[in-house]
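Order of the sequence lines sets the chain letters (A, B, ...), proteins ahead of strands, with each chain counted from 1.
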Protein chains: 2
Amino acid sequence: MSNEPSYKNRKVITIGIVSELTGLTERKIRYYEERKLIFPERSAKGNRKYSFSDVEQLIEIANKREEGVQTFEIRQQMLRDKRKEAERESRQQMLRGQINARFGIQRE
Amino acid sequence: MSNEPSYKNRKVITIGIVSELTGLTERKIRYYEERKLIFPERSAKGNRKYSFSDVEQLIEIANKREEGVQTFEIRQQMLRDKRKEAERESRQQMLRGQINARFGIQRE
DNA sequence: CGTGTAAGGAATTCTGACACG
DNA sequence: CGTGTAAGGAATTCTGACACG
């Protein structure tokens, strides 16, 4: 829906900057990746690249960790949230389909 | 006006990534800074940090350079554009002031 | 003027491992 | 399990300079 390619999701931030931005050590950031909580891309030579979105994710993770939530649980929650979002999307699509079926597809 | 703190202007991208994103050599990127066309921030240890906005600026600069426009002229244009923008802002403010003067300041 | 390149050094990042609890 | 740390190496970035045109 957004008309912007969105800066939010472009993977362009190196781990050092992410560390500054989140206050997390690089060790922690890499560990959360190992536990599949975060998915940076890699540059040609293998350096991790994160998005602003990833940075926000990491902050949420850090908050949960402070509350004592284990990485495994955080992961479960993330997967659950993702599934719910997919369902919502799906319902939306369904609705759109019905509208088109009754009122026809708008052209031009 | 924008409600977002905006990812667009946060200086978080290192020069290597900027080079990939723009296709410019690091040499050129540093030179355009020297000519005051671009203003990266610095990390604690002195590494340059750019924003998405800077990346877009650099692409525009690259386009003008290809047309043979000299850095000096590009700079003049940038300053002119900036002044115009400030004037537009100023007129806006003026207008808002008059509206408030006539209709009173809205509270709550 | 605009850009390339070699130079030397400092800072960054990476991985795999050992440590502790 | 979650995190720190020392280790060694490779890649990154920085500055100032010389080159060419």
>> Please list all pairs meeting salt bridge (Lys or Arg N to Asp or Glu O under 4.0 Å) that have one or both residues in residues 56-69 of chain A, counting only residues at least two apart or in different chains.
In response: Lys8(A)-Glu56(A)
>> Considering only residues two or more places apart or on different chains, which pairs with a residue in residues 69-92 of chain B satisfy salt bridge (Lys or Arg N to Asp or Glu O under 4.0 Å)?
In response: none
>> Within the structure provided, determine whether Pro40(B) and Lys49(B) are in side-chain contact (heavy-atom separation under 4.5 Å).
In response: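 Heavy-atom side-chain distance check fails, nothing below 4.5 Å.
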>> Within the 4.5 Å heavy-atom criterion, are Arg10(A) and Ser51(A) side-chain neighbours or not?
In response: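 The answer is no, as the side chains (C-beta and beyond) never meet within the 4.5 Å cut-off.
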>> Could you measure the distance from the CD1 atom of Ile74(A) to the CD atom of Gln57(A)? Nearest 0.5 Å is fine.
In response: 10.0 Å
>> Nearest 0.5 Å, please: how far is CG in Leu37(B) from OG1 in Thr71(B)?
In response: 6.0 Å
> Does DNA chain C take part in any stems of at least 3 consecutive Watson-Crick or G-U pairs (both distances under 3.5 Å), and if so, which ones?
Replying inline: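 Looking at DNA chain C, the stems formed by three or more consecutive pairs are C:2-5 with D:17-20, C:17-20 with D:2-5.
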Got a list of side-chain donor-acceptor pairs under 3.5 Å for residues 13-34 of chain B, not counting sequence neighbours?
{"residue": "Ser19(B)", "atom": "OG", "partner": "Leu24(B)", "partner atom": "O", "Å": "2.7"}
{"residue": "Thr22(B)", "atom": "OG1", "partner": "Val18(B)", "partner atom": "O", "Å": "2.8"}
{"residue": "Thr22(B)", "atom": "OG1", "partner": "Leu24(B)", "partner atom": "N", "Å": "3.1"}
{"residue": "Thr25(B)", "atom": "OG1", "partner": "Lys28(B)", "partner atom": "N", "Å": "3.2"}
{"residue": "Glu26(B)", "atom": "OE1", "partner": "Arg30(B)", "partner atom": "NH2", "Å": "3.0"}
{"residue": "Tyr31(B)", "atom": "OH", "partner": "Arg35(B)", "partner atom": "NH1", "Å": "3.3"}
{"residue": "Glu33(B)", "atom": "OE1", "partner": "Arg48(B)", "partner atom": "NH1", "Å": "2.8"}

>> Rounded to whole Å, how long is the line connecting atom CD1 of Ile29(A) with atom C1' of dG4(D)?
In response: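 That distance rounds to 14 Å.
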Please write out each protein N/O paired with an N/O of nucleotides 8-10 of chain D under 3.5 Å, distance rounded to 0.1 Å.
none

> By a strict heavy-atom criterion of less than 4.0 Å, which residues belonging to residues 58-75 of chain A are in contact with DNA chain D?
Replying inline: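 Nucleic-acid contacts, sorted: Arg65(A), Gln70(A), Thr71(A).
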>> Quick check: is Val69(A) connected to Leu58(A) through a chain of hydrophobic side chains (ILVMFWY, heavy atoms under 4.5 Å apart)?
In response: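 In one cluster: yes.
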> Are Ile59(A) and Val12(A) in one and the same hydrophobic cluster, where Ile, Leu, Val, Met, Phe, Trp and Tyr link if side-chain heavy atoms are under 4.5 Å apart?
Replying inline: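 Yes, Ile59(A) connects to Val12(A) through the hydrophobic network.
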> Is the phosphate of dG2(C), meaning OP1 or OP2, less than 4.0 Å from a side-chain N or O of Tyr31(B)?
Replying inline: yes
> Has Tyr32(A) got a side-chain N or O lying under 4.0 Å from the OP1 or OP2 atom of dT3(D)?
Replying inline: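 Answer yes for this pair, as a side-chain N or O of Tyr32(A) is under 4.0 Å from OP1 or OP2.
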> Which letters describe nucleotides 12-17 of chain C, given B = protein heavy atom under 4.0 Å from base, S = only from sugar-phosphate, - = neither?
Replying inline: SSSB-B
>> Using the side-chain hydrogen bond (donor to acceptor under 3.5 Å, both in side chains) criterion, which residues pair with Gln92(B)? Sequence neighbours excluded.
In response: Arg96(B)
> Who passes side-chain hydrogen bond (donor to acceptor under 3.5 Å, both in side chains) against Lys11(B), sequence neighbours left out?
Replying inline: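 In terms of side-chain hydrogen bond (donor to acceptor under 3.5 Å, both in side chains), with neighbours along the sequence ignored, Lys11(B) is linked to Asp54(B).
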>> Can you pull out every ring pair (Phe, Tyr, Trp, His ring centres under 6.0 Å) where at least one residue sits in residues 43-85 of chain B? Sequence neighbours excluded, please.
In response: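 The answer is Tyr7(A)-Phe52(B).
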